[in-house]
2 protein chains.
Amino acid sequence: MAEEMLDALDRAGVRLTGPRRKLAALIERREGHFTAADLLKDAGRRRMGIGRATVFRLLELLSEQGLVERIDLPDGTHAYIPCEPTHHHHLVCLNCGATTDVDDCGIEAVTHEAARRSGFKIEQHRLELFGRCPDCRSAN
Amino acid sequence: MAEEMLDALDRAGVRLTGPRRKLAALIERREGHFTAADLLKDAGRRRMGIGRATVFRLLELLSEQGLVERIDLPDGTHAYIPCEPTHHHHLVCLNCGATTDVDDCGIEAVTHEAARRSGFKIEQHRLELFGRCPDCRSAN
DNA sequence: AGCACATATGATACCCAGTATCAATAGACC
DNA sequence: GGTCTATTGATACTGGGTATCATATGTGCT
Ligand SMILES: [Zn+2]
Ligand SMILES: [Zn+2]
Ligand SMILES: [Zn+2]
Ligand SMILES: [Zn+2]
């Protein structure tokens with residue numbers, strides 16, 4: 001999956017630098033959603049000497065390529081989820097942060113109807129589902 | 001609509017203070033979504049002497065009462081939309097910021113299906129539609 | 001392999017949203 | 001009006017994110 005990110009960066013025409021490779025590897029090891037600060041801490045712990053700005057820059061790049069998606073948690077903080085670059089949405093565990101993709105988003109009917117009633121031309125949508133993952137449910 | 005907010009604050013058991021009344025009036029005059037900074041500027045222009053913290057505090061209160069909803073625009077900034085305290089979603093114009101409510105969110109089917117497949121217990125969802133309002137469409 | 005050059009990096013300083021603190025103020029209720 | 005507590009606003013602070021810019025490093029060419 002780090003490979004996937006590096007391929008995408010290559011395809012996007014940007015350089016495959018050391019910091020980018022290292023960060024991609026760190027992202028690969030992450031479970032669930034993470035913040036820019038989390039990544040920065042990961043890098044710091046391993047003395048990678050990676051700068052704050054570089055982390056944000058890579059996350060933006062990956063986000064443009066759709067390999068990472070920035071979501072807004074219910075508590076207002078921003079987090080990132082590694083994912084596939086196709087249209088889909090996320091199911092996020094409010095307890096442990098685990099995420100799952102919801103690829104068949106059947107809301108085309110909803111958007112169509114909303115467009116018809118409002119006269120708006122709908123160009124994008126965002127759907128996020130929050131709850132408790134199986135583990136956290138059973139762990140109670 | 002400022003009345004509505006003040007009533008709700010009253011019902012919530014908090015004091016109906018001068019700053020809150022003034023801010024409610026300012027919110028009433030707003031069109032489309034606005035940021036905390038916008039409100040603060042409104043108040044500043046009129047020499048209302050309202051502090052930064054007070055604005056944030058009121059927005060949080062109103063948000064708890066469901067009279068204002070905080071949304072995350074595609075560009076990553078936070079904005080508020082005055083609205084009714086019932087479950088609904090927003091259609092936001094990417095050009096002028098106008099908003100409309102979408103009260104019939106027909107995504108229960110989607111969430112049900114997602115829950116069944118993933119094993120998650122879904123507790124909340126967020127759906128936001130972005131596009132162009134009728135005015136902005138015709139204005140090209 | 002070596003060169004040249006543009007891109008990327010990281011240190012630093014900075015900006016902006018939001019929050020903690022706290023003495024002073026002003027609602028609410030009697 | 002008087003009391004008592006919630007609220008206010010000034011100030012200082014935090015934390016996410018960005019602009020700057022001299023330095024370092026990929027990449028393409030030879
Ligand atoms: Zn979980
Ligand atoms: Zn969708
Ligand atoms: Zn518009
Ligand atoms: Zn809904």
Side-chain angles (χ1 to χ4, degrees), chain A residues 5-27 33-65 68-81, chain B residues 5-27 33-65 68-81:
Chain A
M5 292 188 204
L6 296 177
D7 283 358
L9 290 179
D10 196 24
R11 249 176 287 120
V14 300
R15 293 186 181 167
L16 257 44
T17 69
R20 286 179 181 159
R21 292 174 196 275
K22 291 180 199 155
L23 285 176
L26 288 182
I27 291 176
H33 55 68
F34 60 91
T35 63
D38 290 334
L39 247 196
L40 198 53
K41 235 188 303 172
D42 287 356
R45 240 191 314 264
R46 296 166 204 224
R47 316 277 132 104
M48 286 177 169
I50 290 181
R52 179 181 188 58
T54 302
V55 170
F56 283 100
R57 286 189 281 234
L58 177 62
L59 286 173
E60 189 180 353
L61 268 179
L62 291 177
S63 168
E64 282 165 8
Q65 304 306 313
V68 127
E69 191 180 316
R70 183 175 167 176
I71 65 166
D72 207 53
L73 300 179
D75 70 6
T77 60
H78 288 153
Y80 295 85
I81 302 178
Chain B
M5 294 187 202
L6 296 176
D7 283 358
L9 290 178
D10 195 25
R11 249 176 285 122
V14 301
R15 292 184 182 168
L16 257 45
T17 70
R20 285 178 181 161
R21 291 173 196 275
K22 290 179 201 156
L23 285 176
L26 288 182
I27 291 176
H33 56 68
F34 60 91
T35 64
D38 289 334
L39 247 196
L40 198 52
K41 235 187 305 171
D42 285 357
R45 240 192 312 263
R46 297 168 203 224
R47 316 277 131 100
M48 284 176 168
I50 291 180
R52 179 180 188 62
T54 303
V55 170
F56 283 100
R57 287 189 281 235
L58 178 62
L59 286 174
E60 189 180 353
L61 267 179
L62 291 177
S63 169
E64 281 166 8
Q65 304 306 314
V68 127
E69 192 181 316
R70 183 174 168 175
I71 64 166
D72 206 53
L73 299 180
D75 70 7
T77 60
H78 289 153
Y80 295 85
I81 302 179

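What you see is a predicted model, and the numbers here were worked out from it, not measured in a lab. We name chains A, B, ... by the order of the sequence lines, and we start the count at 1 in each one.
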Figure out the [atom1]/[atom2] separation between [X] and [N], and round it to whole Å.
| X | N | atom1 | atom2 | answer |
| --- | --- | --- | --- | --- |
| B:Leu40 | C:dA17 | CG | P | 9 Å |
| B:Arg47 | D:dG9 | CZ | P | 16 Å |
| A:Asp75 | C:dG18 | CG | C1' | 13 Å |

Original post:
Using a heavy-atom distance cut-off of less than 4.0 Å, which residues of residues 49-65 of chain B contact DNA chain C?
Top reply: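 Hits under 4.0 Å, by residue number: B:Arg52, B:Phe56.
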Subject >> Sorted by number, the residues of residues 5-15 of chain A with heavy-atom contact under 4.0 Å to DNA chain C >> reply: A:Val14, A:Arg15
Original post:
If you look at every heavy atom in A:Leu6 and A:Leu16, which pair is closest and at what distance?
Top reply: O-CD1, 3.7 Å
Subject >> Shortest non-hydrogen contact between A:Ala36 and A:Val55, atoms and distance >> reply: O-CG1, 3.9 Å
From [X] atom [atom1] to [Y] atom [atom2], the distance as rounded to the nearest 0.5 Å:
| X | Y | atom1 | atom2 | answer |
| --- | --- | --- | --- | --- |
| A:Ile50 | A:Leu40 | CD1 | CG | 9.0 Å |
| B:Ile27 | B:Ile81 | CD1 | CD1 | 12.5 Å |
| A:Glu60 | A:Leu62 | CD | CG | 10.5 Å |
| A:Ile71 | A:Tyr80 | CD1 | OH | 11.0 Å |

**OP:** Indicate whether OP1 or OP2 belonging to D:dG17 is found under 4.0 Å from a side-chain N or O atom of A:His78.
**Re:** yes
Subject >> B:Arg70: partners by side-chain hydrogen bond (donor to acceptor under 3.5 Å, both in side chains), with sequence neighbours left out >> reply: B:His78
Original post:
Looking at residues 17-27 of chain B, who's got a heavy atom less than 4.0 Å off DNA chain D?
Top reply: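 Those residues whose heavy atoms fall under 4.0 Å from DNA chain D, taken from residues 17-27 of chain B in numerical order, are B:Thr17, B:Pro19, B:Arg20.
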Subject >> B:Thr35 side chain near B:Thr77 side chain, heavy-atom distance below 4.5 Å >> reply: no
**OP:** Would you list the pairs meeting side chain to side chain donor-acceptor pair (under 3.5 Å) in which at least one residue belongs to residues 12-24 of chain B, sequence neighbours left out?
**Re:**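 Not a single pair qualifies under side chain to side chain donor-acceptor pair (under 3.5 Å).
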**OP:** Not counting sequence neighbours, list each pair that qualifies as a salt bridge (charged side-chain N to carboxylate O under 4.0 Å, His left out) and has a residue in residues 40-51 of chain B.
**Re:**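 Every pair satisfying salt bridge (charged side-chain N to carboxylate O under 4.0 Å, His left out) with a residue in residues 40-51 of chain B: B:Arg30-B:Asp42, B:Asp42-B:Arg45.
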